[in-house]
Every structure is written in structure tokens, then in C-alpha cells.
Protein chains: 2
Amino acid sequence: MTIVLPIQSLPRLQESAAARVERELRAGIIDLTIRPGERLSESEIAERFQVSRQPVREAFIALMRQGLLDVQPQRGTVVVKLSVRRMLDARFIREAIEVAIVRRACERFDAHYRDRAASLIAAQETAARAGDHAGFQRLDSLFHIALAEGADCMEAWTAVEMQKAHMDRVCALTLHSPGSMDPLVAQHQAILNAIEDGDAERAVSAMSHHLSEILRGVAGLDLTFAELFE
Amino acid sequence: MTIVLPIQSLPRLQESAAARVERELRAGIIDLTIRPGERLSESEIAERFQVSRQPVREAFIALMRQGLLDVQPQRGTVVVKLSVRRMLDARFIREAIEVAIVRRACERFDAHYRDRAASLIAAQETAARAGDHAGFQRLDSLFHIALAEGADCMEAWTAVEMQKAHMDRVCALTLHSPGSMDPLVAQHQAILNAIEDGDAERAVSAMSHHLSEILRGVAGLDLTFAELFE
DNA sequence: GCTCTTGAACTTCCATACAAGTGCATACTA
DNA sequence: TAGTATGCACTTGTATGGAAGTTCAAGAGC
């Protein structure tokens, strides 16, 4: 007797070419490997990824909707420049949603994700001491996701993710000094503590403060890196 | 001497085929002309709109990102069914953002848009008396947009729009009784009054209450129209 | 009657060719 | 020289054919 796995029910074993191009381009745009203002072209990217123009085009359109590319018909496609205004707008929207998330988390928060959030904070301390910024950033994201999951707000998180990209892109410019991560860990702990206490107002103000502090050190970057800003 | 207008600086005179297909399909999906659970296919829609499959495909992908279509590779595309959960998630996100908008509006609100919001409320009263539900819905949307514009939060509104679709889709099921629009007008007025007074807490609770009342009458629809819900 | 195979008819995904528009350099004209 | 055509090289947008995968029903084999 052979056991037949329901393969067809899985999403798909291999992501599509369009999805791969979009994922890699997105990562490059956010970490500024692909520079703001840079001109892209469907055919050039297609050649680089060894695919046809069509999946590249679909990736371009998707990234345009996310506000990362500017597709100008018959003219060309450019990576949108950084923008203080756009960053502040992103922060405004993100704060609105994440504040609502922690407020709900104070009412009901899955115990499993409370433990997960706590262990993520511990991992962040380790990463901070090791000076592992890339790892820290990944753990930071996972912490916020854990809050959303614990509060049963994953749909809200997908809305946050789009905005987060515009904050991350500007933050990628900052030089990470050795002790820059420690305050963020403490802020995460403060948020989790407030949630565990069920203190909504404290949780909200802790999250609000945290999202402000993330952007500490970006002031003046639009002058230092003027060519990257619009 | 001939005057040459800078035509090339305009966005584009005629929207692309893909944009047109997306716009029309989206409208149909939201007003339930295209029924939840209905099966679509690129070639069928392409024939209906007299375009090739490619722009239809792009429209499908865009609508999938908005959570309105479910594109299953090599299997088919279906209009996602209505979902109470999804509607509540949309309301949660929308409330989070719109509450933040009115809160900001209490701090700074462009006078021009205050007048515009007031005139929109007046127009809503007229539409309500005439029993013009389609017109009322359009005016309702314009009112919320005016708030966002007045508070200088248009980026936030684009985030709201995506969620709004999931609420509108369920609301399209409700039978509009003659007096159902009057309370909504009053709620709009309450929101605007609070903003004019600069009373943030009152504005927030007015908006919150308004967004709750919009969904009045949808309770039990998932049982009455079980085949449209997942 | 039941199980398995097989093939036809669909689907979405990708590659390729062509259409249409933009910008720029070059050459031509007054 | 200044101004104006004009053609070329590029861009994105659309059409179409085929590749890869899924579903389903008909039919062979037991």
C-alpha cells in the first residue's frame, strides 16, 4: 500500500518566475542595493534573471503598486526616490494599525505567541551583543508579526508590511552604531510587558514611542544623501 | 503662431487595456454583479472585453493582490467568496486608519475641505430624501476622502480603499430601507462637528461609531446568502 | 461492479513578436 | 547660427502560440 500525499492541495512547490523576480527586486530596492532613482528596464532585468519580459513586467507592476517603482508608459521605469514625506506617511499608517493591534492584544493574546515574543526578545539581545544588524532586523520583524498573530490580526499585518518597506528603505541609510539596538530591545520588552498586564494605554504609548524611535537618526539624511531623495 | 500644449506631461489620455479591465471587473465584483464563487477565465474575459489575454491576466493579478480574486495556477480563477471574518478584519484596519485620520484632522484641517465636507453632507441629505442609494454611496466615499485630504493623509486613504472594498461587498447585499441613510448623514455631521471643535476624543468615537453602524444589518447575511459566503 | 489508466479539454504561466509612443541625436533648411 | 524635421534607438503595452499542470470522464482490465 502506498500513501498518497495530497500534493495538489499544497500552494505550489516552486514559486513562479514572476514571484521570484518580484521578491528579489523588492529586497534589493529596500536594502538600497538597487539605488533610488536608478533606471530599470524590463528587457535588462529579464536578461539578468534569465526569464522573458513578461514575468518581469508583472513584477514591475506589483512593485509599482507598492510605491517602489514608477512605471512611465513608453518612457521607462525608475526606482522611486526616497522621500521624507512618504516615510512619515508610512509611519503614520503603520502606527495607526500597530497601535490598534496592541490594543486588541491587551484584550486577547494567545499564550503561545506571548512565549514566542518573549523568546524573540531574548534572541534580539543576543543579536544586539553580537552586533548582528541583519539578524536583528529579521528578529524585529518577527516580533511585530508575533504580536499581530497573537492578537489574531494577520490581515492587518499584511497592510503594515507595505508601509514598513518605506521606513526600512530610509533606515537602511543609517550607520548602525554598536549600542543602537539595545533601546529597541527594551522598547519591545516594554510593549510585551504592557500587553501581559493588559494595560492598553501603556501598550499603545509604548508602541507609539517605539515606532518613533525606529526613525531616530534619520533626521538630516535627506541632506546628506540628497541625490537619493526627491 | 500655434500654441503647443505639453501633452506628454499628462499622465495619459487613455487608460491601458489592463487598467480598464481591472477597473470594470473590480466594480462588478464589489457590487456583486460578478458573483462570489463565480469562476472566471482569462480567455473568456478577454473575449468579452475584446482584448488579448495578457491585459486580462494583469488585471487578474492586481485583483488577486486586493483579495478579490483567487488565482490558482493551472487550475482556474474564482471570485473569492464573501467572508464575515474578512469583513471584520477590513473594518478593524479601516477603523484604525480612519480614527488616526480624524485625530489628526482635529489638529490641522484645511478650511477648504471643511467647506467641502459640509457641502457633501448637504448633498447626502438630498440623496437620502430622493432615495438615491447609488448616489449616496458615492457621496459617502467622497466625504471620507475629504476628511483624509483635509487632514493631509491621502496616502492613508489609499490604504483604506483596499479594505473598504471588502466592507462594500457585504453591504451590497443589504436591502436599503427608506430611512436607512438618515442616521449615516447624522453620523457624518457628528464627525465633522467634533473636528471643527478640535475635540479629538469625540471625533474618534464618532468615527468609530459610524464605522460600526455601516455594518448594521449585515448580521445573519452569511446564513441568508450562505452560498455566497465561504 | 470496481479500480486504474489514459487522453482530451480545460486552466494559468511563459516566451516571443509586434505595435505604439518617447526622447535624442543628427542632418537639413532658412 | 538658429530652428526645425526626421530617423533611430529605446521604452512599455498588447497579441499570440505553446509549455506545463490540473480536472474529469470514458474505457480497458480484473
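First the proteins, then the strands, lettered A, B, ... as listed; each starts at 1.
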Do [X] and [Y] come within less than 4.5 Å of each other through their side chains, counting heavy atoms only?
{"X": "A:Glu22", "Y": "A:Phe60", "answer": "no"}
{"X": "B:Asp110", "Y": "B:Asp152", "answer": "no"}
{"X": "B:Met162", "Y": "B:Ile93", "answer": "no"}
{"X": "A:Ser141", "Y": "A:Trp157", "answer": "yes"}

Just the rounded figure in Å: distance from [atom2] of [N] to [atom1] of [X].
{"X": "B:Glu47", "N": "C:dC10", "atom1": "CD", "atom2": "P", "result": "13 Å"}
{"X": "A:Arg39", "N": "C:dT22", "atom1": "CZ", "atom2": "C1'", "result": "10 Å"}
{"X": "A:Arg57", "N": "C:dT16", "atom1": "CZ", "atom2": "P", "result": "17 Å"}
{"X": "B:Glu42", "N": "C:dT11", "atom1": "CD", "atom2": "P", "result": "9 Å"}
{"X": "A:Leu69", "N": "D:dT12", "atom1": "CG", "atom2": "C1'", "result": "13 Å"}
{"X": "A:Gln50", "N": "C:dT16", "atom1": "CD", "atom2": "P", "result": "11 Å"}
{"X": "B:Asp70", "N": "D:dT22", "atom1": "CG", "atom2": "C1'", "result": "15 Å"}
{"X": "B:Ile45", "N": "D:dA15", "atom1": "CD1", "atom2": "P", "result": "15 Å"}

Does [X] put a side-chain nitrogen or oxygen below 4.0 Å from OP1 or OP2 of [N]?
{"X": "A:Ser52", "N": "C:dC14", "result": "no"}
{"X": "A:Ser16", "N": "C:dT12", "result": "no"}
{"X": "B:Thr77", "N": "C:dT12", "result": "yes"}
{"X": "A:Ser41", "N": "D:dC10", "result": "no"}

Is a donor-acceptor contact shorter than 3.5 angstrom present between the side chain of B:Arg53 and the base of D:dG18? yes
When you measure only distances, ignoring hydrogens and angles, does the side chain of A:Gln74 come within 3.5 Å of the base of C:dT22 through a donor and an acceptor? no
Base, sugar-phosphate, or nothing: which does B:Leu40 touch, judged by heavy atoms less than 4.0 Å apart? sugar-phosphate
Using heavy-atom distances to pick each residue's nearest nucleotide on DNA chain C, tell me which of B:Gln54 and B:Ser43 is more 5'. B:Ser43
Please check if atom CD in A:Glu44 has more than 12 non-hydrogen atoms from other residues, nucleotides or ligands closer than 6.0 Å. yes
